[in-house]
Structures are given as structure tokens and as C-alpha cells.
Amino acid sequence: MAQDVLVIHRGLALMLCEDTAILEETLRAIEPLDLHIRRLGDRALLVPADQIDGILETLESEGTFPRLVGSIGDAEDVEKSDEPVAEEAL
Amino acid sequence: MSTHPGKKQSSQGPLTHSELLALLERGYADASLRFFARCWDVDEDLEEVATVAKEGLSSPIDLVALEPTARAVFGMIAERGGRVRGENLRRDLLLRGFGESQSTIRNLIVRGWIVALPNPGEHACNLNTVLEKETFLQRDLAVLNSTFSRLDEIVDEEALDAPAWSKAIPDDRPATTDNLELNLLHICALIRRDPLKLNKDGTPNRRSLGRVARGISMPGSHGEVAEDLDLHDAQQFDYLTFVVSLARELQLLVNRDETTCRTDDDALARFFHSDGAERDRRLLDALQRLRFWNEIDSLRLSRSASRNVDEDHFSQSESTGQPLIGARGFVVSVLRRAHFADWVALDALAQLCTQLDRHYLDRTLCQLPRKPDPNEFIHAVLERTLVWAGILELGKAEGDQRLARLSERGARALGLADEVTPPEPGGCLIVQPNFEVMVFLDNAPVTVLHELYRVGERRKLSDRVATFQLIAESVQRGYALGADADALQKLLDSHSHAPIPETVAFQLGDWERVHRRLTIHLGGAALRHPEPERFDLVCGQLEHDLRDTAVELIRLGPRDAFVTDAAHPALQRAADSHPSLSLDAMGDPPRCLYFVDPLVMMVDPYECDVETRVELERVARALPDESQPRSLFFQLDPELIEKRFPEAPLEGICQFLDPRCEGGLPSAQSLRLQSELDKPPKIHVESEITVLTFEDLDAAERFRQLSEAPDVIARRLGPTTFAVIADQLALLDEIVDELQLNRREELFEDS
């Protein structure tokens, strides 16, 4: 076991809330998502950066638009194709 | 020599006596001297030939009796001051509707009425060869000074016969580049919120496109399409795929995968904040590079009554426009060279494109699957691509002749004009207390529209006014994209007819406060250290290194911090100067789990990544009594595992543990997990058995095939090994003796 090492976790996003209430509210909003979140104190959450799109989508659907610092990734989603929908055909 | 008011005088003008004399001495070959002497009916003497330039031909040209194209040639040369480049002369005649004039020009040279001049630096120019090889268009053509003085007759009598188009009637509502930009902004702003879905064949999903397309205004129509949107209407769908395809070429929209198209906000902001000339240049460049839309099918579509449309045309994965990129570039280059400032006949413009380099278009287009006719393609580029983009405007002359001219922005895009008419000065918007912003499009800078699309939702578009609504969601979304309340208020104030209402100003600030309650830092790195004092030193050094940069170090506790840029060199320096361990949440998990007992693991929380730590609590129970700060113990719990991996618990937990254990999941642990989560592995223990082993495989095989073998062999244990039925040892002895096998008795332990 390494002793007294500085551990650098890359690929993580930091969600920094104004206060505990906002943090709790945020956690409640994203609870249904099957995420890997580490809570740090009363204001901070660490989450793998590749899970941030799902979080943003959920938060935005609830009317919360967080301030983003850094680059934004993209979420995957699927739209039903035109083909099976009868009224969609030309 | 007479002068023509408004005529552009060439720097060299008509061919004078002295110039011709000099050319005869140095530029022309003797054969050309003979050519002139024969044409002008004079002796083959330099001075006599040159004198014709001053004194005129022995039999003067009857300009009025000339055929129309020949008169036009003289008229054009007169306009240009007596001298003109051959290919420019031909081009201008084409544009004025005279058709191909090459043979006429040739005839005039043969008769000596127009002189093809040697190119600069050329010696021994043989006019016979020039005519034979038809290279006179690549030369300056001049009239003699004596002829030039008579050309007033032609111009004064309108002998040029060029249609003046003074009564051209422009389209009521031409498609404009401003309108196209508004459509691009609108569609990209809405796709930002609701990514555009593509079907498997690459066509935009109509339901998805429909959500963003209602606010589009179709070329040549007033206001937004709104309730008239019908994506089953192939022409509407065609225009929308044109806009989407153009946005992709401009990189405002990007395909993240084969099924989704998204807005690139940075690219959108860069494009709409660049100056007008740069936008025009990029727009024209993108129009030429359109890969996922083509004008030939588009024009055919608009002329076809059939609703059966080849879906390939709309596909954003079928590059039906790519083969046309070079040919479009050719048409644009012809327009650039044509340098026309006013109305020209559309057919003449198309003819110019086909005539200038007929072979290039033929060669390019014949490679296409359906081999379009060059004329059809040129008309498609002119009437569809360039008209929809607002580069060309169409009109009509008396007699329904179709005309075209470059728009102001079109001329700028082609590099033929530097400035466009500036918008009227004054405010372009009104902010109302109900958070509605009315924008007057005629004088609204596109940067203002871009900002309003970023922070607001466009509710309505009439002919000249767009109405945006500022709501909590839209404004906060704008803040998330980089807007801020101060800058937004300043922008609205500076472009508003009246100061923005106080309630609106207050609310913009309040929404920003709400927006800032949660900040997400992407692209950073979390730091942990078990020793707070040492960590203070590390953080102190990092803060010092980052002091003049935009990168922040955020302390999250005595042992935790976050640096907002994981790639900053200061972080690497910190890692190099201290014992350190680097983990990547998006890479392979660290091997941080150590089994200490059956189903009991130990983990150092500082070596553990977030995913492992979270998942551990989902599949195992913490053992706090046995744990220390640097060694946490967990016991795998079959109930929790089954809850976490309901479909295949054993497979799920093994896949989780295997990459996290040094050397992979220990076999003993996997067997135990199998016992707990699946059927326990069955084993058979047998004692006091006799094992018969042959030393070679052939012998073993022959033994197996003995007729008595089934009575003796209980089970074959391996290729050369058999277990013997306990009460058949006597029979085995009998066989051994009978076959004289070399027998050796051994205890199992000794073997």
C-alpha cells in the first residue's frame, strides 16, 4: 500500500454547490440516474466526467442550468426512427 | 479622336501608328507583316503598313451594315477605349446575350479590322498561326486608331444592341443572405436544446426536424413558416435539408454519431461574431463544399409534380453533393471573373459558364451517376444554391426574359465589393416589461440576434420584426453558454430604443445568481493526500504556480482539492516533486482491492477511484470495526450482489472485481462466489480405487477396445489412465497375465 502519496484523479468533474441545500436538491434530482458520485463535504460532488451529460440533461429538464467551466461533452440518446411511423412517410 | 462620356479608356487605347511600327519591328514575324499588307491592300513595307493605323483603311468599314454580333464587338471595344482582352470581350458579349462570338472575332481579325497584338515580351508573333490555333482570345485585341475615331457612330446609334435591362423587375421578395443567416441561427439555436435526430438512412427525422423548423422562413416568403410547415412537402423538406447541410459545412452543426446532429456553440459564436465580409466568404465557401445536398435533384424536385422522392437526396450521410464541389467552384469562379455589376440575362450567365470551359464541366459531370447536362447543373447552381443563399437575385425584363444580378452581399462574397450599405443607425430593439424583446431585423446586427437566440426563445417572426421572450430557463441556459447579466444588460441597453425596464434588469441579475448556485467544472483533476500538513504544502505550491492563470485550485477539505485544468503543467510538476499516484476515472480502474479472507476485501480509500468506491458500497457491507483510515474492509454480500446485478449476479460481480484485483480475481474467491451465487460446484470423492496406467497411448487404446474392457473399466480418467471396477481386479489380473503385460505396482503417493 502506498503511503503518503499525492493522488491525482483525472477525468472527474466537480459539481460545486452554493450551499448544502442546493447540494441536497441536486442529489435528489439526479438520484434516479445510476451514477458514481463521491460527496465531499457540504458543497462538493465529484463525478466521472463521462457521466456529466446525463446529469446536465436531468438538471435542465428540471429548470436548472448550472454554470459550466471547461468543455462540455455530449449525451447519447435515441430518437425513434421515421421508418416505423406510418404517418411520417412521405 | 472622339471621346465617349462615361467610357472607360484603356491605358493603351487603340493601336497607333508608332505602336504598330514598333510591334512590326520587334513583336510580329515577317509573316504578320505580309498578313497586314494583304488585308489592308498596301505594300509589304513597315512604314506603309503602320501608316494605315493613322490614315485608315483604303476601303472604310461600313459599321452600320455589319451583322449584329460584329457591331457589338466594335461597340464593346469602343466602350473599353479601343483595346480589350479577347477572352473578356467574348465573356462580356456572352453576358449581354450575344452568344458565342469567337468566330465573329476571328473573321474581324482575318479582315484586318481588329488586330490581335503580340503578348508582352513575345517576338515573331505569326498571326496566321494565331488564327490557325485560335489563340487570339488569349491576346489583347485592338482597333486601329483611325477606326476608333469612327466608333462613335455605333455607340451613338445604339448599334451595340445590348439589352439595357433598364426596366428590370426584381422578384418581390428575394431570398437574402440575411434571411439565410437568420434561418441558420434559428435552427442551430433550437438544435442546441433538442439535438436533431437522424434516421438510419441519414435523413433528418421528420418529427425531430419539425420541432426546430416552424420558425424557419422559406426563401421568398414572408415571415416564419409556422403552421404551414409540412415536412411531407418535399420542397419544404428540401430547403430544410439545405440549411442543415450548409450548417454542417460551416461546422455550426456537428454529427456526434450517425444518429444525432448537435450544435457547436463555440463555432456558432465564432461565425456570427466574425465581420460581415468574413461571414460572406465562409458562406460562399461552404456553399461550394455542400456534401449532403445537391442542387440538381433539388431543382428537379421543385419542377416535379410527383411526391415520390428519392430519400437519398435528403440523407445527411449520403454525400450526393460531394461530386459537385469542383463544378460549383467552377461556376463561382466564372461569376467572379464575369465581374457584372447590374442585371444580366440568366441564360447568358449560364451560357457564359458553359462556354468558358466547356470540357471541364463535361468531364466533371459525366462522372456522376445520372450525368446531368452542364446547362442543367449551371442553372441549378445559379437558380437554387446561389439564389437561396441570397448571393444572386432574380428578376424579369419586359418580355419575361429572366435576369440575374449579384446582391450586395453576393458581390462582397465574390470579392467584387468591399462594403455593403450599412444598416440604418439607431436602436434595433425594444425590451418590454413582460420580458419580450422586439427586434427590428432591418437594422439589427447579427451579433445581437445571436445573443438573443442564446438567452431567449424566439416566439414570432413577422416580415421585419422578430420577437424573443426572456424566461428563466432560456436566460440561465444562455448564462450556461457563456453569457452574463452585465454584458447582456449592456447589449440590450446599447441597442434599445429606450432603457430596459428596471424589473427586467433586476431579473436578469437574479437569474444569474440562481444560475451560479451550481457550478460544474469539467476537464479538471481532483487531488487527495492523506497528510493534511503535507497537502497544505502541495496546495500552496500549486496556488503559487497558478496565480497568474485562469486555472483555479479549489480546496474541498484538509485532504481534498480540485484543480480546474488537469492538463496544466503545474499539476505535472506537483506530481513529479511528490510521491504520487495518478488515476483516470475514464480509463482502466486501478487494482486496488485485496482479498484477505473469503469474500472479505481490504481497500485503501486513497488508491481507490470513485466508481470502485461507489460500487463497493452497492455489493458489499463495510466492516467498520476492522477498518482503519487507510485500510477499509468490506465483505461481499450475495444479497446485495443479486440486487445490483439481477440478471447475472455471478457474471456481474466477477466482471467488477476481476480488473480491480492484482492478478485478477483469485480463483478461490470466484469459486466461493459461485457457491454463493450459483449452484455450488459438485465434486466426487472416491477412495480405494485401482488406477491402471499405460505408458503409451496406443497400448491404452488397444486395451480399451478389448471385449472384456467394459467389464473391467469403471471410468477412463485420461488418455492412458483407467479406473478399474473394484470387484473386477481378478479379471484384470487374468487379462494382464494372458496378454503378458509388464506390470508394476505403485502406491498413488509415489507416482
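Every chain is numbered from 1, with letters handed out A, B, ... down the list of sequences.
Of the possible polar contacts, none joining the B:T564 side chain to the B:G524 backbone as a donor-acceptor pair under 3.5 Å is found. Between the A:Q51 side chain and the A:L35 main chain, no donor and acceptor come within less than 3.5 Å of each other. B:N199 places no side-chain N or O within donor-acceptor distance of the main-chain N or O of B:D201, the cut-off being under 3.5 Å.
Contact of A:L12 with chain B is made through backbone and side chain together, with heavy-atom distances under 4.5 Å. Only the side chain of A:L59 comes within contact range of chain B, with heavy atoms under 4.5 Å apart. Neither the backbone nor the side chain of B:E552 comes within less than 4.5 Å of any heavy atom in chain A. Contacts between A:A49 and chain B at a heavy-atom distance below 4.5 Å involve backbone atoms as well as side-chain atoms. At a 4.5 Å heavy-atom cutoff, the contact between B:R477 and chain A is made by backbone and side-chain atoms alike. Residue contact with chain A, scored on non-hydrogen atoms closer than 4.5 Å, involves the side chain of B:F562 exclusively.
Here the OG1 atom belonging to B:T260 is positioned 10.5 Å from the CG atom belonging to B:N205, to the nearest 0.5 angstrom.
Listed options B:C592, B:A525, B:A526 were ranked by heavy-atom pairs under 4.5 angstrom with chain A; first place goes to B:A526. For the set B:E611, B:R559, B:R618, B:R516, the count of heavy-atom pairs under 4.5 angstrom toward chain A peaks at B:E611. Chain A forms the most heavy-atom pairs under 4.5 Å with one residue out of B:H515, B:E615, B:E531, and that residue is B:H515. Your options are A:I55, A:I37, A:T64, and the one with the most heavy-atom pairs under 4.5 Å with chain B is A:I37. Taking B:R193, B:H578, B:R613, B:E473 one by one and counting their heavy-atom pairs under 4.5 Å with chain A, the maximum is reached by B:E473.
Applying the side chain to side chain contact (heavy atoms under 4.5 Å, CB included) test between B:R517 and each of A:L16, A:D19, A:I22 identifies A:I22 as the sole match.
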Report all side-chain donor-acceptor pairs from residues 581-588 of chain B shorter than 3.5 Å, counting only partners two or more places apart or in another chain.
residue, atom, partner, partner atom, Å
B:S582, OG, A:R10, NE, 3.4
B:D584, OD1, B:M586, N, 2.9

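In this structure, B:D510 pairs ionically with B:R513, as a charged nitrogen and a carboxylate oxygen lie closer than 4.0 Å.
Judged as a salt bridge (Lys or Arg N to Asp or Glu O under 4.0 Å), and not counting sequence neighbours, the contacts of A:R38 are B:D560.
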